[in-house]
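Chain letters run A, B, ... following the sequence lines, proteins first and then strands; every chain starts at 1.
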2 protein chains.
Amino acid sequence: MQMRGHSHHRVHVILQGAAILSTSLADGRKQILRVLMPTDFVGRLGSETTQYDATALTDVTTGSFSRPAFEALLRISPEMTHRLLHSTLKELDDARELLLLLGRKTATEKLASFLLALQRRSQRLRPNRIRLPLYQFELADLLGLTHETISRQFATLRDHGVVECHGPRQIEILDIDTLVEMSGGDPNEHAVSPVMQ
Amino acid sequence: MQMRGHSHHRVHVILQGAAILSTSLADGRKQILRVLMPTDFVGRLGSETTQYDATALTDVTTGSFSRPAFEALLRISPEMTHRLLHSTLKELDDARELLLLLGRKTATEKLASFLLALQRRSQRLRPNRIRLPLYQFELADLLGLTHETISRQFATLRDHGVVECHGPRQIEILDIDTLVEMSGGDPNEHAVSPVMQ
DNA sequence: CGCTGTATTGATGCAAGTCAAGGTAAGTGG
DNA sequence: CCACTTACCTTGACTTGCATCAATACAGCG
């Protein structure tokens, strides 16, 4: 699957597999905006103008609506509208987390944060063993780095015994406390008493 | 106005004035997520966990709902739900534009892009005269730079005759073509023919 | 076996950060 | 009115984290 700008004015839902949503500049610099997972929507839901690229990471199966059909569905079903609203709000929160990462974190913190977010998300048999959905060179485009820097950051994580790599896109977290330390911390951990003036 | 984490589980609507929505790391590094303008919503709409800071830039008047009251409103009024959905989708698009800027643009491109976005938005008497809603040091926290870098970028824009500064937070765009050139361009300008495999 | 695509590692350069010292303009109050 | 403060901006010297460029390694596979 490779789509430019969600052609045909259709709305898609990811049913199985993973994909990435990205945008890029004229000279080829690319920024991945989101890793799309099952239940995620893709398409021109809001503005008529903004277009993104969707690229499959694995085999993907999707459901698909024409724009008018989708709008009719929303008109008929408040239930559906609420679900879409909540998933959009979740996407917005995820995007904002990424804004902080891209704008203010160092390379080390970026990778550590990403790995922790991934671990939080994926509840697997062995929780410290995670399958990376992306290659290192794709990770670079998600974290706003080069693939060389990603490789070097993985190397230092390995050297410090924080993670272990088992083949490509397969890593194991050995020392999660150090990883948390290296991540620069969550924004919400320093929550202070509510104030309003 | 200064709020930490939208206390009281309330939802607010900006009616007049401007504010910023931001988040920050434990050590003080800060990322501005959005400049809030009239009609923007603030509050814990989606997740129960994520908290942001809202800070007024000017005098601000807001409308306010308790969380249950707001949820009741959404249940009763599909009209309202649709409006909220659309504004959330718009916020998501804005956030994604900022993701590209933070992850992949240079300092020059960041400032140029910001000024162009500002000009696009604000339809004023003299279109090339714009009031910056933020001080330079706040701009730094929006664009993922330091205030020194912002100042230097303004200096080079001035030196090249692209903009002129009339007092703080008041600038005039003299050469919009060069500014567009310096902005690195829009992601959508290189749109290719739609493909889907 | 030799591609092709991904990852590693080293050498070097530079954009932006850091540190530091003013500058300017708008208050404030003696 | 003028010292003094406060808040924002500017500029310079220096440092550094990450990018860039380049070479090599490695694994899967047709």
_Measuring from the side chain of B/Tyr135 (C-beta onward, heavy atoms only), which nucleotide among D/dA19, C/dT6, D/dC8 has the closest atom?_
D/dC8
*Which atoms form the tightest heavy-atom contact between B/Ile32 and B/Leu98, and what is the distance?*
O-CD2, 4.0 Å
_Short side-chain N/O contact from B/Gln136 to OP1 or OP2 of D/dT10, under 4.0 Å_ = yes
*For A/Leu102 and C/dA16, give me the distance from atom CG to atom P, rounded to whole Å.*
15 Å
_B/Lys30 with B/Asp53: basic N within carboxylate O range, under 4.0 Å_ = no
*Can you check whether B/Thr146 has a side-chain N or O nearer than 4.0 Å to OP1 or OP2 of C/dG17?*
yes
*Ion pair B/Glu79/B/Arg83, N-O distance below 4.0 Å*: no
*Can you find a side chain N or O atom of A/Ser151 that sits less than 4.0 Å from OP1 or OP2 on C/dA7?*
no
*Does any non-hydrogen side-chain atom of A/Arg96 lie less than 4.5 Å from one of B/Glu91?*
yes
*Where the side chain of B/Arg152 is concerned, which of C/dA16, D/dA13, D/dC9 is the nearest nucleotide?*
D/dA13
*Atom-pair distance (CD on B/Glu109; P on C/dA15), nearest Å*: 12 Å
*To the nearest angstrom, how far is B/His166 atom NE2 from C/dA25 atom P?*
15 Å
*A/His147 NE2 to C/dG5 P: how many Å, rounded?*
14 Å
*Look at all strands and tell whether A/Arg29 reaches a base, only sugar-phosphate, or nothing, counting heavy atoms closer than 4.0 Å.*
nothing
*Figure out the CG/C1' separation between A/Leu111 and D/dC18, and round it to whole Å.*
14 Å
*More 5' along DNA chain D: B/Arg158 or B/Arg104, using each one's nearest nucleotide?*
B/Arg158
*Below 4.0 angstrom from OP1 or OP2 of D/dG17, is there any side-chain N or O of A/Gln153?*
no
_With salt bridge (charged side-chain N to carboxylate O under 4.0 Å, His left out) as the criterion, how do B/Arg67 and B/Glu71 come out once you've worked through the C-alpha distance, each side chain's angles and the decisive distance to 0.1 Å?_
CA-CA 6 Å; B/Arg67 188 81 202 273; B/Glu71 275 166 2; 3.2 Å; yes
*Considering non-hydrogen atoms only, spot the tightest contact between A/Ser24 and B/Leu100 and give its length.*
CA-CD1, 4.5 Å
*B/Thr149 side chain N/O closer than 4.0 Å to the phosphate oxygens (OP1, OP2) of C/dG17?*
yes
*asked:* By nearest atom, which of the nucleotides D/dA19, C/dA7, C/dA16 is closest to the B/Leu145 side chain?
replied: C/dA16
*Just checking B/Ile150: base, sugar-phosphate only, or nothing, at a heavy-atom cut-off of under 4.0 Å?*
nothing
*Over how many whole Å does the gap from B/Leu139 atom CG to D/dC8 atom C1' extend?*
13 Å
*Compare the minimum distances between each of D/dA22, D/dA19, C/dA16 and the side chain of A/Glu148, then state the nucleotide with the smallest one.*
D/dA22
*When the distance from CZ of A/Phe154 to P of C/dT9 is rounded to whole Å, what number comes out?*
13 Å
*How many Å lie between CZ on B/Phe137 and C1' on D/dT10, as a whole number?*
15 Å
*With heavy atoms under 4.0 Å as the rule, sort B/Arg169 into base, sugar-phosphate or nothing.*
nothing
*With respect to the side chain of B/Ala155, which nucleotide from D/dT11, C/dT6, D/dC8 is positioned closest?*
D/dT11
